[in-house]
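Here is the structure we will look at.
Note that these values count all heavy atoms, side chains included, but never hydrogens, waters or copies made by symmetry. Just follow the structure's listing: the first ligand is 1, and inside any ligand the first atom is 1.
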Amino acid sequence: MSRRTKLYEGKAKILYEGPEPGTLIQYFKDDATAFNAEKKGTIAGKGVINNRISEHVFTRLAHIGIPTHFIRRLNMREQLIRQVDIIPLEVVVRNVAAGSLCKRLGLEEGEPLPHTLIEYYYKDDALGDPLVAEEHIACFNWCSHEEMHDISSMAIRINDFLCGMFAAIDIRLIDFKLEFGRIYDGDYSRVILADEISPDGCRLWDMTTGEKLDKDRFRRDLGGEEEAYREVARRLGLLNGDDNSPGEVFDLSHHRSRLRPPPPIKK
Ligand code: UDP
């Protein structure tokens, strides 16, 4: 492999300099963290699965007109992306009460929300990514009023699309996290979807059994996280070489006996 410049290493991904100006290579690791990195571990094969799931989701979102940083997948763990200035917000979209929302407001996990909720968290590990109001975003100029408008309308469209996409494979989209970035064109800039969309940043529950098919398995020590991530990819049709991808992208032959029949997953 040619030597290249590492620009940033995060909890689950590494960014390298891309082959052309304005591009980066995003590498997906198997490392998993939770509770602001207080809990650390690895989920075997997660990087490969998340690379593939995120490629699939970003490609489909592009088809409905959502601008994204994704250019193309390069190999099992890497994708070529557009370089953006990350807006320092984690945009969380919620359909059903879970996680920190339940803790904060004393709600029962699994309670459907009266309507979709968008929350903003200021991206700062040292502060533990605090929840912020739109007033804070405006006050500290983390993004402009127009950018906020674009972000919230894209978040709603993405949620509508993803709810349908997951419902079609018997998965309930509880909540998820998005990140956006700016790209510049002369004096103008626009906001595009960045980062990744995968079971690392979504809560995905089986529609019938309520089984968790996401990172909560790792957060809550439920076990079966590798199988859960693969199950999402399998239901999306990404393990069998469909979706225009070569089947050998996933050499999971050594996992097949464990996949069929699937191991019991604790609720
Ligand atoms: N989330 C994420 N990264 C974070 C925090 C949250 O991807 O740093 C995702 C998380 O997977 C869930 C949603 O955002 O799908 C809402 O998370 P929540 O605020 O409930 O926090 P958590 O319970 O994960 O601490």
Side-chain angles (χ1 to χ4, degrees), residues 8-13 26 28-41 43 46-47 49-51 53-54 57-58 61 69 86-113 115-133 136 142 151-152 154-156 158-163 165-167 171-181 193-207 210-222 225 228-229 231-232:
Y8 171 80
E9 178 153 5
K11 287 170 243 167
K13 294 190 291 293
Q26 178 164 253
F28 289 76
K29 304 194 279 186
D30 285 349
D31 296 352
T33 61
F35 314 119
N36 203 24
E38 272 169 38
K39 178 176 168 133
K40 290 192 177 118
I43 302 176
K46 171 173 84 78
I49 301 270
N50 282 358
N51 184 21
I53 292 177
S54 201
V57 173
F58 274 53
L61 288 172
H69 74 166
I86 282 285
I87 292 171
L89 295 174
E90 299 202 339
V91 179
V92 169
V93 183
R94 300 182 185 272
N95 300 302
V96 175
S100 68
L101 181 69
C102 292
K103 274 196 213 120
R104 199 178 313 118
L105 301 181
L107 302 173
E108 180 95 28
E109 185 163 80
E111 216 174 284
L113 297 172
H115 62 79
T116 300
L117 197 56
I118 305 186
E119 294 176 337
Y120 304 96
Y121 294 81
Y122 180 52
K123 260 171 79 72
D124 186 318
D125 283 340
L127 297 175
D129 298 342
L131 176 68
V132 293
H136 297 99
W142 292 322
I151 287 173
S152 56
M154 277 192 264
I156 292 292
I158 293 168
N159 182 52
D160 286 347
F161 181 81
L162 292 185
C163 279
M165 186 189 86
F166 283 119
I171 289 176
R172 206 166 157 214
L173 178 60
I174 305 301
D175 57 31
F176 60 100
K177 186 259 299 182
L178 298 172
E179 292 189 27
F180 293 88
L193 181 66
D195 194 45
E196 70 179 297
I197 296 181
S198 73
D200 265 6
C202 301
R203 282 197 173 89
L204 303 170
W205 295 358
D206 182 278
M207 197 81 84
E211 279 170 349
K212 296 183 196 325
L213 299 170
D214 56 57
K215 207 168 88 175
D216 270 350
R217 303 207 71 83
F218 169 78
R219 290 190 190 99
R220 301 179 187 190
D221 291 321
L222 297 176
E225 43 271 59
Y229 278 58
E231 177 62 10
V232 175

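For ligand 1, the polar-atom distance check finds no N/O of Glu119 at less than 3.5 Å from any of the ligand's N/O atoms.
Under a 3.5 Å cut-off, the side chain of Lys11 and the backbone N or O of Ala34 do not form any donor-acceptor pair. Put simply, the side chain of Arg172 never gets that close to the backbone of Gly210: no donor and acceptor are under 3.5 Å apart. The main-chain N or O of Glu225 is never found under 3.5 Å from a side-chain atom of Lys46 such that the two would form a donor-acceptor pair. Checking side-chain atoms of Asp214 against main-chain N and O of Gly201 turns up no donor-acceptor pair under 3.5 Å.
Interface of Arg94 with ligand 1, defined as ligand atoms under 4.0 Å from a residue heavy atom, comprises 16 (C), 18 (P), 19 (O), 20 (O). Listed by number with element, the atoms of ligand 1 under 4.0 angstrom from any heavy atom of Val92 are 14 (O), 16 (C). Taking every heavy atom of Gly99 and a limit of under 4.0 angstrom, the matching atoms of ligand 1 come to 20 (O), 23 (O).
In this structure the side chain of Val57 never reaches within 4.5 angstrom of the side chain of Phe161, judged on heavy atoms. At least one side-chain heavy atom of Glu119 sits under 4.5 Å from a side-chain heavy atom of Arg104. Side-chain atoms of Leu89 and Tyr121, non-hydrogen and from C-beta on, never get closer than 4.5 Å to each other. Considering only heavy atoms from C-beta on, Val93 comes within 4.5 Å of Thr116 through its side chain.
No more than 12 heavy atoms of other residues, nucleotides or ligands lie within 6.0 Å of NZ in Lys40, so this atom counts as exposed by the packing criterion.
Among all protein heavy atoms, the one lying closest to atom 13 (C) of ligand 1 is Asp175 OD1, 3.5 Å. Nearest protein heavy-atom contact of atom 20 (O) of ligand 1 is Ser100 N, 2.8 Å. Among protein heavy atoms, atom 10 (C) of ligand 1 sits closest to Arg219 NH2, 3.5 Å. Ranking protein heavy atoms by distance to atom 4 (C) of ligand 1, first place goes to Glu90 OE1, 3.3 Å.
Heavy-atom distances between Asp200 and ligand 1 reach below 4.0 Å in at least one pair. Close to ligand 1: Tyr121, with a non-hydrogen atom less than 4.0 angstrom away.
Only the backbone of Cys202 comes within 4.0 Å of ligand 1, counting heavy atoms alone; no side-chain atom from C-beta on gets that close.
Proximity of atom 25 (O) of ligand 1 to the protein is not indicated, since no non-hydrogen protein atom lies closer than 4.0 angstrom.
Taking each of Arg203, Arg220, Glu196, Lys177 in turn, the one with a heavy atom nearest to atom 22 (P) of ligand 1 proves to be Arg203.
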